[in-house]
Amino acid sequence: MTRILITSALPYINGVKHLGNLVGSQLPADVFARFCRARGLETLALCATDEHGSTTELAAAEAGQDVAAFCAVQHAQQRATGDAFGLSWDYFGRSSSPQNHELTQHFARQLWKNGFLDVRTSRQVYSNADKRFLPDRYVIGTCPHCGYDRARGDQCENCTRVLDPVDLISPRSAISGSSDIEIRDSTHLFLKQSEFVPRLREWIASHEGDWPVLVTSIANKWLDEGLHDRGITRDVEWGVPVPDDIADGALKGKVFYVWFDAPIEYIGCSMEWAASRDTPDAWKSWWFGDAAKDVTYYQFMGKDNIPFHTVGFPVTLMGAGEPWKFVDRLKGFNYINYEGGKFSTSQKRGVFMDAALEILPADYWRYYLMANAPESSDSNFTWDHFAGVINKDLADVLGNFVNRVTRFCVSRFDGKVPAGGTYGDEEQALIAELDQRVSACAGCFEALEFRKALAELRAIWVAGNEYLTRAAPWTAIKTDPARAAVGVRMGLNLVHLFGHLAWPVIPESARRIHAAIQPAPDIIPWPKEAMAGFLEQLTPGQPIHPPEVLFSKIAEEQIAEWKLRFGGS
RNA sequence: GGCAGCGUAGCUCAGCGGUAGAGCAGGGGAAUCAUAAUCCCUUGGUCGGGGGUUCAAAUCCCUCCGCUGCUACCA
């Protein structure tokens, strides 16, 4: 039996994430994790906050908090919001954990020992007013090429040329605005990525076809353009310290670059998970050596993260010279736009996770986002489209099906699964269709094709409505009660089925649907047997319980209100 | 500038060498169990423009136009 390891790109600690962040990483990872658990596979789903770096320091300063305290608060908030969204990680860790500190230093020592780290000195901009080195983009000045006076040190927004901050004319700090800055030499560790190009090429080529084109093309582009060695240390305070035994303490006081330690936290997080269960070594069989041979490892991320997972992190693992587990299936997503523009954290444009849950239950968002996941290209969120999908798919097609069957059962069959009659041609045809569709749906989930999986799920709900219309128990009951009993019994079995199939995507609603028939287990399993058996398992006479309205419809006035509140077109 | 992706019915998208598809929206009808929810039928596209390869192209090649993303010390 294969075990399933799942990680989603780590959300940065800097505030609540918007739906665009969610749809490309944590949400599909959760849907897939639930699907795997529903199939009875041993599954470990991990995520964590990515906490280090200068951006965190500045955000904490802005919030008037100590960095560690700021991160603790933000981490707790992200975990709470994720829980509320139904994100069922086995563990939600922190890149600042002791485990990750230790592991990051371990990888650095291995790389150093194996000769893949260079000590190099480079010129960095230092701000006397801010008492810190400035990242390139935090240096502002006049562009030497076009004369634009607010060019950033990494790139001029006006002429789009890539810049070096030391070339800016009259440079100043973007943090304080002070022009009291100077160029200082600073020593850093560089990871010799260029030595790994052949191995990376071979590894990436081995995944052509099972990774999305988006992923392999981005990865190959980096290799084709010539992989630069990469600085993996920074002159900031909030991070994993470089140990003194590397380069004879030449890097004293410096920390590792966030992009070095963040992916390592995938492993660190599993150590946190193991520690939390008092089985401190349990993480190892998921990651290391022959013990992890039966593990299939899935990563989920937005396209901005792809280079770091196809190049940066693999180099760390290769260079360590130890038998670490590499990703098997890497699922990358495009972006989702908001009402024709970008979701933007800095401009507070779009819908953020906490605000989303204030106005509607998590399942509405989960369904919509997965049904419209930006898999082949960027997708668009608009309030009108969102409301249309929720009202039609969830309220009308699924919710109303459950409602009409269960209520009819109450009014004409005393609220009990009716006995009498046997399945005939109509039922056999439905069973044949569902056998095909349920396995197609599972196949789409396995292939990480979420849009198609949800389209199939919806088609299954539609098949239920079609059947009910043909069976028409409300008509049959006048002349042929046994025939009506068959229709309702099948209808109730379908409700039971829908409660199972929907659980990975809309867990809370699936639980309520399941509860209409009987209490739901914690993990609602994906059907193992053929539909013929699955759709005949309810016991005649067992009571059913029509749920309250499963999905209330979104009204025009609400859409108007939300467009105003969140800023629409 | 370079690289990549996309451009298919009003909208959101699938198809990626063999007589144009789905969902929504629009039109007509059936049914009345149900959150006026469902079901059936149906209108609608010279598949961004042009050129080429092929018996055959939305599907392969070239070119042009448009949109988007990435471009490496913010993550």
Side-chain angles (χ1 to χ4, degrees), chain A residues 9-14 50 52-56 58-59 122 124-125 133-138 152-155 159-162 164-165 174 188 193 212-214 216-218 220-222 224-228 230-236 257-259 262 302-308 311-312 334-335 337 342 345-346 371-372 375-380 382 384-385 388-389 391-397 399-412 451-452 455 458-459 462 464-475 477 484 487-488 491 546 548-553:
Chain A
L10 306 188
Y12 199 59
I13 193 74
N14 189 15
D50 174 14
H52 295 136
S54 52
T55 304
T56 307
L58 296 170
S122 58
Q124 302 282 316
V125 177
F133 283 95
L134 298 174
D136 290 2
R137 70 171 321 196
Y138 287 108
R152 295 194 324 214
D154 53 348
Q155 184 174 27
C159 69
T160 75
R161 258 187 264 232
V162 175
D164 189 317
H188 287 290
Q193 298 189 130
V213 177
L214 177 73
T216 48
S217 68
I218 289 176
N220 283 323
K221 194 207 85 178
W222 275 53
D224 292 343
E225 291 184 354
L227 200 56
H228 302 192
R230 189 178 182 96
I232 60 161
T233 52
R234 291 292 182 275
D235 292 295
V236 299
Y257 178 37
V258 280
W259 265 116
K303 57 185 166 187
D304 52 333
N305 270 305
I306 290 172
F308 303 102
V311 175
N334 288 281
Y335 292 146
N337 291 313
K342 290 181 193 176
T345 302
S346 55
N372 297 285
E375 291 179 308
S376 60
S377 61
D378 291 353
S379 69
N380 289 294
T382 66
D384 291 330
H385 189 238
V389 168
N391 289 348
K392 189 70 184 172
D393 293 6
L394 290 186
D396 296 349
V397 176
N400 184 56
F401 177 83
V402 173
N403 197 47
R404 65 197 291 216
V405 171
T406 53
R407 293 202 183 276
F408 185 74
C409 176
V410 166
S411 65
R412 308 310 290 267
R451 270 183 114 113
K452 286 182 184 171
R458 192 199 125 94
V462 168
N465 279 304
E466 289 171 359
Y467 165 79
L468 207 60
T469 298
R470 286 196 301 271
W474 47 88
T475 304
I477 197 161
V488 172
E548 293 305 304
V549 169
L550 283 165
F551 306 100
S552 44
K553 293 222 213 186

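Protein chains get the first letters and strands the later ones, always in sequence-line order, with residue 1 at the start of each. Everything numeric in this text was worked out from a predicted model, so none of it was measured.
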message: Using the side-chain heavy atoms of A:Asn403, tell me which of these nucleotides is nearest: B:C39, B:A34, B:G69.
response: B:A34

message: So A:Phe401, base contact, sugar-phosphate only, or nothing? Heavy-atom distance under 4.0 Å.
response: nothing

Separation of the C1' atoms in B:C39 and B:A56, to the nearest angstrom: 39 Å

query: Is there ring stacking between A:Trp474 and B:C33, where the centres must be under 5.5 angstrom apart and the planes under 30 degrees?
result: yes

Any A:Arg412 side-chain N or O less than 4.0 Å from OP1/OP2 of B:C33: no

message: I want to check one thing: is the phosphate of B:A37, taken as OP1 and OP2, less than 4.0 Å away from some side-chain N or O of A:Lys553?
response: yes

- prompt: Mind checking the C1' distance from B:C24 to B:G44? Whole angstroms is fine.
  reply: 14 Å

- prompt: Which part of the nucleic acid, if any, lies within reach of A:Pro135 when heavy atoms closer than 4.0 Å are counted: base, sugar-phosphate only, or nothing?
  reply: sugar-phosphate

query: How would you label the contact of A:Val258 with the nucleic acid (heavy atoms, under 4.0 Å): base, sugar-phosphate, or nothing?
result: sugar-phosphate

message: Using OP1 and OP2 only, check whether a side-chain N or O of A:Tyr257 sits under 4.0 Å from B:A75.
response: yes

- prompt: So what's B:U32 paired with, Watson-Crick or G-U wobble, going by both distances under 3.5 Å?
  reply: none

- prompt: Is any side-chain nitrogen or oxygen of A:Lys392 closer than 4.0 Å to OP1 or OP2 of B:A22?
  reply: no

C1' spacing across the pair B:G29 / B:U43, given as an integer number of angstrom: 15 Å

Phosphate contact (B:C70 OP1 or OP2) by A:Tyr335 side-chain N/O below 4.0 Å: yes

- request: Identify whether any heavy atom of A:Arg470 sits under 4.0 Å from a base atom; if not, whether one sits that close to sugar-phosphate; answer base, sugar-phosphate or nothing.
  value: nothing

- prompt: Across the strands shown, which category fits A:Val462 at heavy-atom distances under 4.0 angstrom: base, sugar-phosphate, nothing?
  reply: sugar-phosphate

message: Distance criterion of 3.5 Å, no angle test: do you see the side chain of A:Asp396 paired donor-to-acceptor with the base of B:A37?
response: no

message: Looking only at the side chains, is there a donor atom on one of A:Arg407 and A:Asn403 sitting less than 3.5 Å from an acceptor on the other?
response: yes

- prompt: Can a side chain N or O of A:Arg404 be found less than 4.0 Å away from OP1 or OP2 on B:U32?
  reply: no

task: Pick base, sugar-phosphate or nothing for A:Asn372, based on heavy-atom distances below 4.0 Å to the nucleic acid.
output: sugar-phosphate

message: Using the C1' atom as the point on both nucleotides, what is the distance between B:U54 and B:G48, in whole Å?
response: 23 Å

- prompt: Base, sugar-phosphate alone, or nothing: which one does A:Asn305 contact when heavy atoms must sit under 4.0 Å apart?
  reply: nothing

task: For A:Gly399, report the nucleic acid contact type (base, sugar-phosphate, nothing); a contact means any heavy atom under 4.0 Å.
output: base

